[in-house]
A.B. asks: 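Got a structure for you, questions after.
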Amino acid sequence: MENSEIARILNEIADLLEIKGDNPFRIRSYRNAALTIENLPFHLETMVREDESRLDEIPRIGKGLHEKIVEIVNTGRCRYHEDLLKEIPHSLLDLLRISGLGPKKVQTLWKELGVTSIDDLERVLKAGLIKKLPGMGAKTEEKILRSLEEFKKRMGRFKLATALTYAQALVSYLRELDGIYQVEPAGSLRRRKDTIGDIDILVTCRKGVPVMERFVNYREVREVLAKGDTKSSVILKCGIQTDLRVLSKESFGAALHYFTGSKNHNIAIRERARKRGLKISEYGIFREDTGERIGGEREEDVFRSVGLPFIAPELRENRGEIEAAEEGRLPKLIELRDIKGDLQIHTRESDGANTIEEMAASALEMGYQYIAITEHSKAVSVAKGLDEGRVLEHMKRIEEVDRRFKEKGLRVLKGIEVDILPSGDLDLDGEVLKRLDIVVGAVHSKFNMTKEEMTERVIRAIETGLIDILAHPTGRLIGEREPYPIDMERVMDVAKRFGVIMELNAYPDRLDLNDIHCKLAKDKGVMVAISTDSHNRMHLWNMKYGIYTARRGWLEKEDVLNTRSYTDLLKVIEERRGLPSP
DNA sequence: GCCGTTTTCGGCCCGACTGTTTTCAGTCG
């Protein structure tokens, strides 16, 4: 059973308890535990089966949750969860996902009108029954109707790249206004999470009202949800909810920290402040006893007040960054400028749009020292994948381009993205693969294997000793295709033995490895290569999204292969190939 | 249900906006 499945059950218990009106702190405990489990860098079921007592080392899991987790792992079920579902219909939980509907309103709808599903909700909305309920009126009914439509339309989240594009345009628009001091996007966008629920923008300015006016009149606004003096919310035409908050200069830092989150990072920081007799809110840092303000203008004030160094936004997930900060072992996170080359690039020879020369010229403009040309292999026929003969021909063309770019400072490596067949065999002859400078291996077919089958498939491929880099290791396409099931810990253990490097595919739809897998690789001492998988010249610029994810995964320059110089890169590959084969 | 620099009971982060209220509950982040 996956960690996410255990977390889902615990989250559902929390939802059910909320509708029941249970103790809010117990509910929080379930949510905290669920979040902790989602973020674990190891497979919880395996750990519990090996040594149940190690559960006690995990924070926010006490006696009660310990028992429930063991039960879930052993039986696949949780009696407490099932008992709750006997009282409360499961489909009621969908209603909580509609904004404006919380546990109390859902309970009222259920008890008073017998609403137990989205369909029921639509029915009572059409019949105009909601405005007759206690505590609800015509406006509530209308709001729920709008939220329901929004919910059906956007069901889910937006890719980071999409949200960043819209946010940056809006920030520029707001900056044009006179009297604006600071405009800063916060939230999961600033933490560079791979998907974004909504955009939060913070502003300081001479006068708040004109900013709010300008915001709600932005050309991209579809609907204004709320408009106040300090906070307004809109839905953009693309469907992203966007909130703007106006702050005083003296509280900007505290607010930036607060609205950057994550929620659990904030709770941990505030808890820390409370123990020091301080109170941290989005308005600043105050002494609990006297109420005296001791800071808040700069974000650093928040960290300093609780005795910590600055923690980069990408790390703020309460995944150990506070402890690391305390012990002075925060990572020095990788930056875009550390990248010296790109190791997965396609050209017209397979399914790319540009020539080798064009890709090389763009790479040179970006200041890179090297690129690898990695076409698909023959199994990926839709992408005009290469057979052995075409690989050898293509190698000559790459060598020719390399000769011309060498003196300009760019080396062009002969590579391939060889298909890992369902059997785990590679799609090209080993003798041909050995003649290439770099071999990237990847799964592109038969995604519906079981976890065991897929893990074996990839491990077999690694054990050929012929793969240097394992590309997009989970095959996910954000918002379109779930990652295929694979035991990443086992894969990385084998990769470590064979010196195989794990790819972080920087293409915005992939970001694969994800942040948690990057951290896992780092912890296991497996090197990561950040590659764009470029199919045209513009794609080369996607490297930044890979960097964002790498930073969320605690990666430093040293953890990433393509921060190496050309000669050091070759050394790493050479050493790997020199490792004893089975 | 978790947790301990107020340590095994009694707390648990904090504030804005909305709508239906007439002093506040619900929701959200």
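Each chain gets a letter, A, B and so on, in the order its sequence line appears, and its residues count up from 1.
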A.B. asks: Is the shortest side-chain N to carboxylate O distance from A/D523 to A/K519 below 4.0 Å?
C.D. replies: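 Yes, this pair counts.
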A.B. asks: Return the 5'-most residue of the pair A/G135, A/L101 with respect to DNA chain B, ranking by each residue's nearest nucleotide.
C.D. replies: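 First, find each residue's nearest nucleotide; the 5'-ward one identifies A/G135.
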A.B. asks: Please measure how far the C1' atom in B/dT20 lies from the corresponding atom in B/dA25, and state the result in whole Å.
C.D. replies: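 That atom pair is separated by 10 Å.
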A.B. asks: With a 3.5 angstrom cut-off on both distances, give the Watson-Crick or G-U wobble partner of B/dT8, or none if there isn't one.
C.D. replies: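 Paired with B/dT8, as far as the under-3.5 Å criterion goes, is no nucleotide at all.
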A.B. asks: Could you say whether A/V106 or A/Y283 is positioned toward the 5' end of DNA chain B, judged by the nucleotide with the nearest heavy atom to each?
C.D. replies: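 Counting from the 5' end, the first nearest nucleotide belongs to A/Y283.
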A.B. asks: Students often get this wrong, so: under 4.0 angstrom with heavy atoms, is A/P103 touching a base, only sugar-phosphate, or nothing?
C.D. replies: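 Counting heavy atoms under 4.0 Å across all strands, the contact made by A/P103 is with sugar-phosphate only.
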A.B. asks: Using the ring of each side chain (for Trp, its six-membered ring), is A/Y218 parallel, tilted or perpendicular to A/Y173, with breaks at 30° and 60°?
C.D. replies: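 Correct class here is tilted.
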A.B. asks: Does the distance from a Lys or Arg side-chain N to an Asp or Glu carboxylate O, for A/E299 and A/R190, drop under 4.0 Å?
C.D. replies: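 Yes, charged N to carboxylate O under 4.0 Å.
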A.B. asks: If you look at every strand shown and take non-hydrogen atoms under 4.0 Å, does A/I144 touch a base, only sugar-phosphate, or nothing?
C.D. replies: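 Result for A/I144 = nothing.
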A.B. asks: Could you state the interatomic distance from NZ (A/K451) to CD (A/E2), rounded to the nearest 0.5 Å?
C.D. replies: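 Separation between the atoms: 3.5 Å.
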A.B. asks: Is any NZ, NE, NH1 or NH2 atom of the basic residue among A/R97 and A/D15 found under 4.0 Å from an Asp or Glu carboxylate oxygen of the other?
C.D. replies: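 Salt bridge: yes.
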A.B. asks: Dump the pairs, protein N or O against N or O of nucleotides 11-13 of chain B, anything under 3.5 Å, distances to one decimal.
C.D. replies:
unit_1 : atom_1 : unit_2 : atom_2 : d
B/dC13 : OP1    : A/R28  : NH1    : 2.2
B/dC13 : OP1    : A/R28  : NH2    : 3.0
B/dC13 : OP2    : A/R28  : NH1    : 3.4
B/dC13 : O2     : A/R270 : NH1    : 2.4

A.B. asks: When all nucleic acid strands are considered with a 4.0 Å heavy-atom cut-off, which category describes A/K131: base, sugar-phosphate, or nothing?
C.D. replies: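 No contact.
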A.B. asks: Does a side-chain N or O from A/T230 land closer than 4.0 Å to OP1 or OP2 of B/dC17, or not?
C.D. replies: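 So the side chain of A/T230 is within the cut-off, an N or O lying under 4.0 Å from OP1 or OP2 of B/dC17.
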A.B. asks: Need one value for A/A138: base, sugar-phosphate or nothing, where a base atom within 4.0 Å counts as base even if backbone is also close, heavy atoms only.
C.D. replies: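 Contact class for A/A138: sugar-phosphate only.
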A.B. asks: Just to confirm, is there a sub-4.0 Å distance from OP1 or OP2 of B/dG1 to any side-chain nitrogen or oxygen of A/K68?
C.D. replies: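 Answer yes for this pair, as a side-chain N or O of A/K68 is under 4.0 Å from OP1 or OP2.
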A.B. asks: Got a salt bridge between A/R490 and A/D493, using NZ or NE/NH1/NH2 to carboxylate O under 4.0 Å?
C.D. replies: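 Looking at A/D493 together with A/R490, the answer is no, because their closest N to O distance does not fall below 4.0 Å.
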